[in-house]
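Reviewing the structure listed below.
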Amino acid sequence: MTSVRVRYGPSPTGEPHVGNIRTALFDWLLARRFGGQFIVRIEDTDQSRAVEGTEELILDALRWLGLDWDEGPDIGGPFAPYRQSERLPLYLEAAERLLREGKAYRCDCTAERLDALRKSQQQAKQPPGYDRRCRELHVNAGVDHVVRLAMPLDGHTIVNDHLRGDVSFQNALLDDHVLLKRDGFPTYHLASVVDDHHMEITHVIRGEEWLSSAPRHVQTYAALDWDQPVWVHIPIIRGPDKGKLSKRHGATSIRQYAEQGYLPEALLNFLALLGWSKDETTTIMPREEITAHFSLDGLGLSSAMFDIERLQEMNARYIRDLEPSDFLQRGRPHLQQALGRPLSDPELDSLLPITPAIQERVKLMPEFVDYTDFFFTSGPLSYTNAELMGRAYKNKPWQALESVEASLECLRHLHDSAWSAPTLESALRELAAQRGEKPGAVFTPIRVAATGKRIAPPLFETLETLGQPLTIQRLNHAAERLARPDD
RNA sequence: GGGGCAUUCGUCUAGCGGCCUAGGACACCGCCCUCUCAAGGCGGAGAUCAGGGGUUCGAAUCCCCUAUGCCCUACCA
């Protein structure tokens with residue numbers, strides 16, 4: 001088997017979509033698994049749909065996911081250039097050869113005629129398609145025209161799909177599609193075939209929506225007398241409504257997932273499992289394990305729904321498994337943004353002891369802020385007295401106050417060296433026992449006073465990290481508030 | 001309208017003729033643990049393998065038909 005060469009051919013028409021990127025992922029996995037090359041080729045043959053700057057967005061998405069390419073528009077390669085708009089002579093050459101050999105022809109039918117034709121065909125319940133008016137007309141090269149492939153009129157075209165086997169199409173139902181547009185640019189049908197051939201692409205992996213037009217590509221290869229690549233049409237990704245996943249379904253661009261706090265390795269794992277599986281039981285696999293086991297044979301045939309809950313779960317799992325210092329670095333930008341100021345390394349590192357406890361609570365990176373911002377705010381925290389009192393002291397501000405004062409008394413007397421989670425815990429538990437109260441009753445006001453929230457990391461580790469002075473200060477503030485309940 | 005593809009728990013899937021009274025994961029429910037929230041442990045419910053015909057000693061697995069869903073049907077990719 002010759003070495004694997006696969007290409008990802010995005011159109012720079014917008015943000016890279018998860019469905020699209022999943023195709024890139026399979027390309028990349030195949031290349032990496034078999035020591036081949038992964039090529040990025042920009043398919044910008046539709047000038048009207050091009051959106052400025054999206055090429056860079058696409059490359060950024062690939063980088064973010066860690067899908068590195070061996071040849072591409074930015075780094076070049078032996079088959080440069082890697083932008084179709086820069087390869088026009090190649091398409092022209094192929095089209096001219098086809099014209100010369102009578103396998104393609106010029107067509108000067110107007111858009112109006114084609115529209116009218118389509119309408120009448122639809123009304124007459126006929127399959128729509130070009131009626132081949134110009135096929136025998138020998139349109140002059142001087143007039144405005146397109147070039148169409150002269151498809152076989154009868155018989156069948158077989159597409160040998162690697163996953164499905166032979167798929168047969170009746171030629172009578174296929175029309176003479178356009179290869180070269182009026183503006184001199186090729187259509188996808190011509191450009192992809194010409195480039196795949198010249199770039200020595202061995203496997204064409206693309207979405208199932210292309211299967212219907214695959215016979216056109218097969219015929220184009222045949223007309224050009226070139227060998228076909230291996231066709232691999234992978235199932236489409238569906239949205240929650242079962243339709244093809246699209247913008248209507250909410251977040252679909254890779255950038256959005258990055259911003260929402262998904263880890264690239266989690267998204268990669270999740271996407272890989274949309275249509276591929278390693279074995280009966282494995283779901284969590286680091287990139288290396290996926291690349292070590294990936295093969296086309298593990299691909300499924302039915303379209304998969306994009307289940308955001310599963311992605312979230314997987315993300316939480318990956319977050320939990322991060323090295324604490326790595327987790328902190330990834331959380332840093334979110335926290336800095338919320339705080340509105342940069343954080344120094346020592347500040348960030350002060351969180352290290354409590355970080356594992358935070359990791360198991362964070363599902364999406366921005367939530368990191370909820371569990372840590374109070375460590376770095378200086379003014380009074382905002383919370384209600386009801387939150388402070390919790391369930392045990394509900395509507396009993398004086399009891400809550402007593403409790404807080406007792407805690408204050410207890411904590412004030414701890415020596416510096418004793419300010420650690422274990423001693424804090426035993427001291428406060430003892431206090432609760434002495435007062436004949438449930439631990440939770442005593443702990444809740446402390447938690448709210450210290451963090452400003454009812455949901456926070458484990459209390460004693462939190463207090464340890466917060467430090468004695470700040471803890472005392474915040475408890476004092478809480479006591480003041482409880483003393484005048486009607487604020 | 002035509003053509004193509006697909007069809008296993010709600011979801012992602014394992015299964016490629018006997019190992020399946022169909023396995024795993026997420027979600028869900030219950031219990032345990034417990035300072036909030038999580039995480040974790042244990043257990044549970046959940047799929048007559050879309051339906052119907054065949055082939056076979058034996059079918060989720062092979063063949064046919066039907067149904068449903070999706071995709072395509074552009075001088076877009």
Side-chain angles (χ1 to χ4, degrees), chain A residues 9-11 13 20 43-46 48-49 107 109 111 114-115 118 121-130 145-148 159 161 164 167-170 173-175 177-183 185-189 191-192 206-215 233 235-236 238 240 242-244 270 273-284 297 300-314 316 320 356-363 370-371 390-391 425 428-429 432 438-444 446-448 451 453-460 462:
Chain A
S11 295
T13 53
N20 232 319
E43 312 215 329
D44 55 349
T45 56
D46 186 350
S48 63
R49 290 207 316 155
C107 164
C109 290
L114 262 19
D115 282 346
R118 211 179 345 265
Q121 284 168 331
Q122 274 164 0
Q123 272 172 3
K125 303 274 190 206
Q126 296 289 313
Y130 180 58
H145 66 272
V146 301
V147 173
R148 291 179 182 273
V159 176
D161 180 83
R164 290 162 244 270
V167 180
S168 173
F169 296 83
Q170 217 183 315
L173 268 17
L174 268 13
D175 69 351
H177 60 280
V178 172
L179 297 176
L180 219 49
K181 297 183 267 188
R182 198 169 291 254
D183 63 3
F185 276 66
T187 58
Y188 170 88
H189 305 305
S192 69
R206 59 190 1 177
E208 193 182 345
E209 70 268 25
W210 288 105
L211 186 56
S212 297
S213 45
H233 293 95
I236 273 165
R238 292 180 294 124
K242 313 275 190 188
K244 188 175 165 187
F270 173 76
L273 254 23
L274 239 42
W276 177 80
S277 63
K278 178 193 164 199
D279 55 35
E280 296 192 8
T281 54
T282 315
T283 52
I284 301 293
D297 301 324
L301 292 183
S302 52
S303 48
M305 185 192 289
F306 191 93
D307 182 2
I308 192 77
E309 299 222 313
R310 191 162 187 244
L311 206 211
Q312 273 196 24
E313 198 325 292
M314 208 170 265
R320 263 178 265 140
I358 294 173
Q359 276 177 255
E360 69 184 42
R361 288 165 172 74
V362 171
K363 307 224 179 302
D370 300 329
Y371 290 106
R391 281 192 57 203
E425 175 159 14
L428 289 170
R429 279 189 190 284
K438 286 183 177 172
V442 176
F443 298 167
T444 297
I446 304 177
R447 173 179 304 105
V448 174
T451 67
K453 321 178 187 227
R454 356 178 35 147
I455 297 174
L459 184 59
F460 312 109
T462 299

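In what follows, chains carry the letters A, B, and so on, assigned in the order in which the sequence lines appear, proteins first and then strands, with residues in each chain numbered from 1. Here the structure is a predicted model, which means the values were calculated and not measured.
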Counting only Watson-Crick pairs (N1-N3 plus N6-O4 or O6-N4) and G-U wobbles (N1-O2, O6-N3), all under 3.5 Å, who is the partner of [N]?
{"N": "B:C33", "value": "none"}
{"N": "B:C28", "value": "B:G44"}
{"N": "B:A67", "value": "B:U7"}
{"N": "B:A22", "value": "none"}

Report yes if a side-chain nitrogen or oxygen of [X] is closer than 4.0 Å to either non-bridging phosphate oxygen (OP1 or OP2) of [N]; otherwise report no.
{"X": "A:Lys244", "N": "B:C72", "value": "yes"}
{"X": "A:Lys181", "N": "B:C76", "value": "yes"}
{"X": "A:Arg320", "N": "B:A38", "value": "no"}
{"X": "A:Thr283", "N": "B:C26", "value": "no"}
{"X": "A:Ser277", "N": "B:A14", "value": "yes"}
{"X": "A:Arg310", "N": "B:U13", "value": "no"}
{"X": "A:Lys363", "N": "B:A39", "value": "yes"}
{"X": "A:Arg454", "N": "B:C37", "value": "no"}

Examine distances only and state if a side-chain atom of [X] and a backbone atom of [Y] form a donor-acceptor pair shorter than 3.5 Å.
{"X": "A:Arg206", "Y": "A:Gly9", "result": "no"}
{"X": "A:Gln121", "Y": "A:Gly129", "result": "yes"}
{"X": "A:Thr187", "Y": "A:Val178", "result": "yes"}
{"X": "A:Asp161", "Y": "A:Val167", "result": "no"}

Nearest to the [X] side chain among [options], which nucleotide is it?
{"X": "A:Thr187", "options": "B:A6, B:C76, B:A27", "answer": "B:C76"}
{"X": "A:Lys242", "options": "B:G3, B:C75, B:U11", "answer": "B:U11"}
{"X": "A:Ser302", "options": "B:U7, B:C12, B:G1", "answer": "B:U7"}
{"X": "A:Ser213", "options": "B:U11, B:U13, B:A77", "answer": "B:A77"}
{"X": "A:Met305", "options": "B:C75, B:C12, B:G1", "answer": "B:C12"}
{"X": "A:Val167", "options": "B:G4, B:C26, B:G1", "answer": "B:G4"}
{"X": "A:Leu459", "options": "B:C35, B:A27, B:C75", "answer": "B:C35"}
{"X": "A:Pro127", "options": "B:C76, B:G1, B:C75", "answer": "B:G1"}
{"X": "A:Leu173", "options": "B:G2, B:G24, B:U11", "answer": "B:G2"}
{"X": "A:Glu280", "options": "B:C5, B:G23, B:A6", "answer": "B:G23"}

What integer number of Å spans the C1' atoms of B:A27 and B:G15?
->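 After rounding to an integer number of Å, I get 23 Å for this pair.
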
Taking the same atom, P, in B:A45 and in B:A25, what whole-Å distance lies between them?
->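 Looking at atom P only, B:A45 and B:A25 are 15 Å apart.
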
Need one value for [X]: base, sugar-phosphate or nothing, where a base atom within 4.0 Å counts as base even if backbone is also close, heavy atoms only.
{"X": "A:Ser168", "value": "sugar-phosphate"}
{"X": "A:Pro458", "value": "base"}
{"X": "A:Phe460", "value": "base"}
{"X": "A:Ser212", "value": "base"}
{"X": "A:Pro457", "value": "base"}

If you take all heavy atoms of A:Ala432 and A:Pro439, which pair is closest and at what distance?
->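 Heavy-atom minimum between the residues: CB-CA, 4.0 Å.
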
Find which nucleotide of RNA chain B each of A:Thr281 and A:Gly9 is nearest to by heavy atoms, and output the residue with the more 5' nucleotide.
->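 With A:Thr281 and A:Gly9 compared, the 5'-side residue is A:Thr281.
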
So, A:His145 versus A:Arg182: side-chain donor-acceptor pair below 3.5 Å or not?
->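 There is no such pair between these side chains.
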
Does a salt bridge link A:Asp46 with A:Arg49, judged by any charged N lying under 4.0 Å from a carboxylate O?
->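 Yes.
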
